[in-house]
Amino acid sequence: MRWVSFSMTQPDLFGEAFEREGVAILRGFALADDMALVAAIKAVAAAAPFRHMIVPGGGRMSVAMTNAGIGWVADTKGYRYDRLDPLSGEPWPDMPSVFLDLAHRAAAVAGFDFTPDGCLINRYEPGAKMGLHQDINEGDYSAPIVSVSLGLPATFQFGGLKRSDPVEKITLHHGDVVVWGGPARKAFHGVLTLRAGHHPIGGHRYNLTFRKAL
DNA sequence: AAGTTTCA
DNA sequence: CCCG
């Protein structure tokens, strides 16, 4: 099987151009569904509350997380995907249909037939950040990663396959969707410290990251 | 280790 | 003091 290579450029839409093989930036793709997405996030969080996970080494993540479907979990032992929320022992809430539909449509733009089984929901309060890392705990690297930004803007860093590779910065705004796969699937990426600001959905940023975890 | 801290 |  041959994997699909693609790239999309959004020159000067926000005074920034970005072009990288295997990465598509869909500006405003989620705008039409933003309120439904936020409502679904709140419904998931009502059953599986946001929490600050501990990483190996003992550090506490500044980003608060919960999951729908198969969940990403960190603790002192390592990183893993789990059907159960360790906080409750119960399965993570089901993936909301508005999540699944949006992720599928966004991935299709980039040439993927993508049915995620998990969505990691990140909540960034001002001061929160996400260090450079790879998404490499999934079972199927032929599936892309789909990332949805809601709320306050953030500076996203996209690097290469080695931590030391140069990093490109791009501002992600409310409603933007990023799809990466193929040669970019295991690229290092991260989010710079969120700056305080005002947004109709609140003074924070949500990020939905869809994966084929199992 | 997707963490922090410290230093040059 | 912040940044890389």
Side-chain angles (χ1 to χ4, degrees), chain A residues 15-16 18 20 22-23 41 44-45 48-87 92 99 103 116-141 143-172 176-181 183-197 204-214:
Chain A
E16 293 170 315
F18 183 96
R20 179 76 57 98
V23 182
I41 290 168
V44 169
F50 282 101
R51 82 292 305 266
H52 296 270
M53 294 186 188
I54 303 300
V55 295
R60 174 190 136 114
M61 300 187 81
S62 59
V63 177
M65 300 175 160
T66 186
N67 289 278
I70 304 297
W72 184 86
V73 174
D75 59 25
T76 56
K77 314 281 283 184
Y79 306 139
R80 68 181 186 277
Y81 284 97
D82 204 313
R83 193 177 62 85
L84 305 180
D85 177 355
L87 220 52
W92 295 102
F99 279 23
D117 57 11
C119 178
L120 173 60
I121 306 172
N122 294 145
R123 189 188 63 204
Y124 292 74
E125 300 291 345
K129 61 184 164 35
M130 179 79 69
L132 217 53
H133 68 280
Q134 298 170 293
D135 290 11
I136 49 172
N137 290 90
E138 300 76 31
D140 181 6
Y141 296 136
I145 300 290
V146 174
S147 166
V148 178
S149 294
L150 296 166
L152 291 177
T155 304
F156 187 57
Q157 300 187 107
F158 209 91
L161 299 181
K162 297 177 305 188
R163 187 180 290 276
S164 56
D165 286 338
V167 168
E168 195 161 350
K169 295 180 185 179
I170 186 162
T171 305
L172 296 180
D176 290 349
V177 178
V178 184
V179 181
W180 66 95
R185 174 60 181 76
K186 287 184 261 187
F188 276 88
H189 57 283
V191 177
L192 300 188
T193 304
L194 193 81
R195 289 180 38 152
H204 50 255
R205 170 178 187 257
Y206 292 119
N207 178 71
L208 308 176
T209 311
F210 294 92
R211 306 93 190 278
K212 185 91 180 69
L214 305 181

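Values below: every heavy atom of this structure, side chains too, minus hydrogens, waters and symmetry copies. Labels below follow one simple rule: chain letters A, B, ... track the order of the sequence lines, proteins then strands, and each chain is numbered from 1. Bear in mind that the values here come from a model prediction, so they are computed numbers and not experimental data.
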Quiz item: Going by heavy atoms in the side chains, are A:Asp135 and A:Arg185 under 4.5 Å from each other?
Solution: yes

Quiz item: Just by protein heavy atoms under 4.0 Å, how would nucleotides 2-8 of chain B read 5' to 3' in B, S and -?
Solution: BSS----

Self-check item: Sequence neighbours excluded - salt bridge (charged side-chain N to carboxylate O under 4.0 Å, His left out) pairs with any residue from residues 149-164 of chain A
Solution: A:Lys162-A:Asp165

Quiz item: Does NZ or CZ of A:Arg205 lie under 6.0 Å from the centre of the six-membered ring of A:Tyr124, at an angle within 45° of the ring axis?
Solution: yes

Quiz prompt | Salt bridge flag under 4.0 Å for residues A:Asp75 and A:Lys77 | solution = no

Quiz item: Can you find a side chain N or O atom of A:Lys169 that sits less than 4.0 Å from OP1 or OP2 on C:dG4?
Solution: yes

Self-check item: Side-chain donor/acceptor of A:Trp92 to backbone N/O of A:Leu84, under 3.5 Å
Solution: yes

